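Numbering of residues begins at 1 and proceeds along the displayed sequence. Excluded from the calculations below are hydrogen atoms, water molecules and symmetry mates; all remaining heavy atoms, backbone and side chain alike, are included. All values reported here derive from a predicted model rather than from experimental measurement.
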Amino acid sequence: PAAAARLQRYGIEEAATERLWERFDPRFDVTREPNEVNRFGWIVEVDPHDPAVPPVKHTALGRFKHEGATIRLAADRRAVAYMGDDERYDYVYKFVSDEPMMDGETRAAREHNRTLLTRGTLYVARFTGSSPAGEIDGSGRLPADGRFDGSGEWLPLAAGDRSFVDGMSAAEVYVFTREAADKVGATKMDRPEDIEANPRTGSVYMALTNNADRGKADANRTAGPDEANPRVDNKHGHVIELIEEGNDPTATAFGWSILLVCGDPNDPSTYFGGFDKTQVSPI
């Protein structure tokens with residue numbers, strides 16, 4: 001039952017695959033190879049400057065539907081990777097390396113820097129709105145203070161062989177990261193896709209693709225609107241601006257606000273950072 005629940009949490013059904021791969025290779029038949037699924041969903045690093053170096057699977061960044069891993073260096077030169085799990089009701093993550101990046105192109109520096117994403121702490125984000133829950137009705141209408149905004153925290157999941165999730169080992173956290181994020185109470189988002197830090201200001205921008213299931217009573221793992229995901233039947237997505245505490249990407253607290261609630265400017269549920277909507281084209 002536990003294995004079946006984990007397969008379901010990663011979208012694996014006990015039925016034929018969409019492309020019928022299992023007819024041609026038994027590795028894709030989950031009834032015969034139940035662990036095959038767990039070999040997918042990882043970030044893999046390649047070194048384009050040295051094709052002889054084997055690719056590295058970065059287990060410490062967790063297993064989920066990665067849309068990427070965007071790197072920002074902290075003031076102390078530690079590497080911070082921002083990541084989104086591009087699925088409805090899934091999460092925003094970051095990884096903070098234990099060691100700083102070494103400058104230069106020497107062999108020693110390059111070998112060290114290839115290890116930065118192997119040792120560190122994996123976090124998942126929880127967003128808290130600043131407005132009363134009753135003001136977030138799913139219509140996209142702004143709350144009384146005129147902004148969708150609030151505070152947030154990065155919840156630790158694992159660091160090395162240490163787990164911060166009750167009932168899960170560190171290995172289980174890395175392989176079943178979605179389940180770990182469920183357990184710690186992370187905020188279910190509307191398909192977090194690309195996450196980028198502004199190289200000049202350090203502000204972090206998160207593209208939420210869409211979630212037409214938001215607010216539906218019969219949706220799988222249903223969740224209603226909240227201030228970070230304020231619109232039900234969110235067909236066009238939104239963009240969140242996140243500012244780390246002290247503008248330090250290694251911080252465990254942040255502030256946030258919604259920059260764009262996308263769609264047609266003529267739709268009352270859209271919002272474009274406070275700009276005059278008559279001057280905005282559909283996004």
Side-chain angles (χ1 to χ4, degrees), residues 3 6-7 9-12 17 19 21-22 24-30 32-74 76-87 90-124 156-164 168-181 192-197 199 249-250:
R6 283 169 166 167
L7 286 170
R9 182 65 181 84
Y10 278 80
I12 307 301
T17 61
R19 302 185 189 280
W21 290 341
E22 69 281 0
F24 305 96
D25 190 333
R27 68 183 284 206
F28 295 113
D29 183 345
V30 73
R32 299 171 66 180
E33 294 287 349
N35 194 53
E36 183 66 22
V37 172
N38 302 332
R39 298 188 178 106
F40 293 84
W42 304 97
I43 289 288
V44 175
E45 181 179 3
V46 298
D47 185 345
H49 299 286
D50 189 348
V53 173
V56 178
K57 181 185 79 172
H58 286 304
T59 307
L61 271 59
R63 185 179 72 91
F64 47 86
K65 195 175 179 180
H66 286 278
E67 195 69 25
T70 306
I71 308 298
R72 177 185 176 193
L73 287 181
D76 63 5
R77 306 288 286 170
R78 283 186 290 165
V80 177
Y82 291 102
M83 304 172 285
D85 188 349
D86 185 15
E87 192 59 80
D90 266 301
Y91 305 116
V92 172
Y93 299 87
K94 81 173 178 183
F95 173 87
V96 179
S97 70
D98 284 345
E99 298 179 11
M101 178 180 173
M102 288 178 61
D103 290 328
E105 293 292 327
T106 65
R107 179 182 295 274
R110 293 184 61 76
E111 290 181 352
H112 168 79
N113 291 337
R114 289 192 195 105
T115 70
L116 289 181
L117 301 182
T118 64
R119 295 185 296 274
T121 304
L122 179 65
Y123 298 90
V124 67
L157 297 177
D161 59 3
R162 180 185 180 188
S163 169
F164 299 101
M168 297 183 74
S169 67
E172 288 174 316
V173 169
Y174 298 131
V175 180
F176 306 109
T177 311
R178 287 178 172 177
E179 185 178 52
E193 192 170 348
D194 195 32
I195 304 174
E196 301 277 352
T250 71

Is a donor on one side and an acceptor on the other found under 3.5 Å between the side chain of Lys57 and the backbone of Arg39?
no
Output the distance between atom OG (Ser97) and atom CG (Leu73), rounded to the nearest 0.5 Å.
8.0 Å
If you measure from CZ on Arg162 to CG on Leu157, what distance do you get to the nearest 0.5 Å?
12.5 Å
Measure the shortest side-chain to side-chain distance between Met83 and Leu122 over non-hydrogen atoms and say whether it is less than 4.5 angstrom.
yes
Ring-face cation contact, Tyr10 with Arg63, 6.0 Å cut, 45° max
yes
Side chains of Asp47 and Arg110 in contact at under 4.5 Å (non-hydrogen atoms):
yes
Ignoring hydrogens, what is the shortest heavy-atom contact between Leu61 and Leu117? Give both atom names and the distance.
CD1-O, 3.5 Å
Residues Arg9 and Asp90 bridged, charged N to O under 4.0 Å
yes
is_close_aromatic(Tyr91, Phe64), centroid dist under 6.0 Å
no
Do Arg6 and Val37 have side chains that approach each other closer than 4.5 Å (heavy atoms only, starting at C-beta)?
no
Shortest non-hydrogen separation from Trp42 to Val175 and the atoms involved
CH2-CA, 3.9 Å
Salt-bridge criterion met for Glu87 and Lys65 (N-O under 4.0 Å)
yes
Salt bridge check: are Arg178 and Asp85 linked by an N-O gap of less than 4.0 Å?
yes
Test item: Glu33 and Glu22 side chains (from C-beta on) under 4.5 Å apart, heavy atoms
no
CD (Glu196) and CD1 (Ile71) are apart, to the nearest 0.5 Å, by 10.5 Å
Without swapping roles, check the side chain of His112 against the backbone of Pro100 for a donor-acceptor pair under 3.5 Å.
yes
Val44 to Pro55 - nearest heavy-atom pair and separation:
CG1-CB, 3.7 Å
Which atom of His66 lies closest to which atom of Gly62, heavy atoms considered
NE2-O, 2.9 Å
Between the side chain of Thr70 and the main-chain N/O of Ile195, is any donor-acceptor distance below 3.5 Å?
yes
Tyr174 (side chain) donor-acceptor with Gly160 (main chain) under 3.5 angstrom
yes
So, taking the atom named CG in Asp25 and the one named CD in Glu36, what distance separates them when rounded to the nearest 0.5 Å?
8.0 Å
Phe176 side chain near Asn38 side chain, heavy-atom distance below 4.5 Å:
yes
Would you check if the side chain of Ser163 reaches a backbone N or O of Met168 as a donor-acceptor pair within less than 3.5 Å?
yes
Closest non-hydrogen atom pair between Tyr82 and Pro249, with its separation
OH-CB, 3.6 Å
On a heavy-atom basis, the closest approach of Leu116 and Ala79 is CD1-CB, 4.2 Å
Phe95 side, atom CZ; His58 side, atom NE2 - distance, nearest 0.5 Å
8.5 Å
May I ask you to decide whether Arg114 forms a salt bridge with Glu111, counting only side-chain N to carboxylate O separations under 4.0 Å?
no
Note, Tyr93 side chain near Pro192 side chain (heavy atom, < 4.5 Å):
no
Is there a donor-acceptor pair closer than 3.5 Å between any side-chain N or O of Asp161 and the backbone N or O of Ala170?
no
Keeping the roles fixed (side chain from Thr115, backbone from Thr118), state whether a donor-acceptor pair exists under 3.5 Å.
no
Quick check for you: to the nearest 0.5 Å, what is the distance between Asp86 atom CG and Asp194 atom CG?
10.0 Å
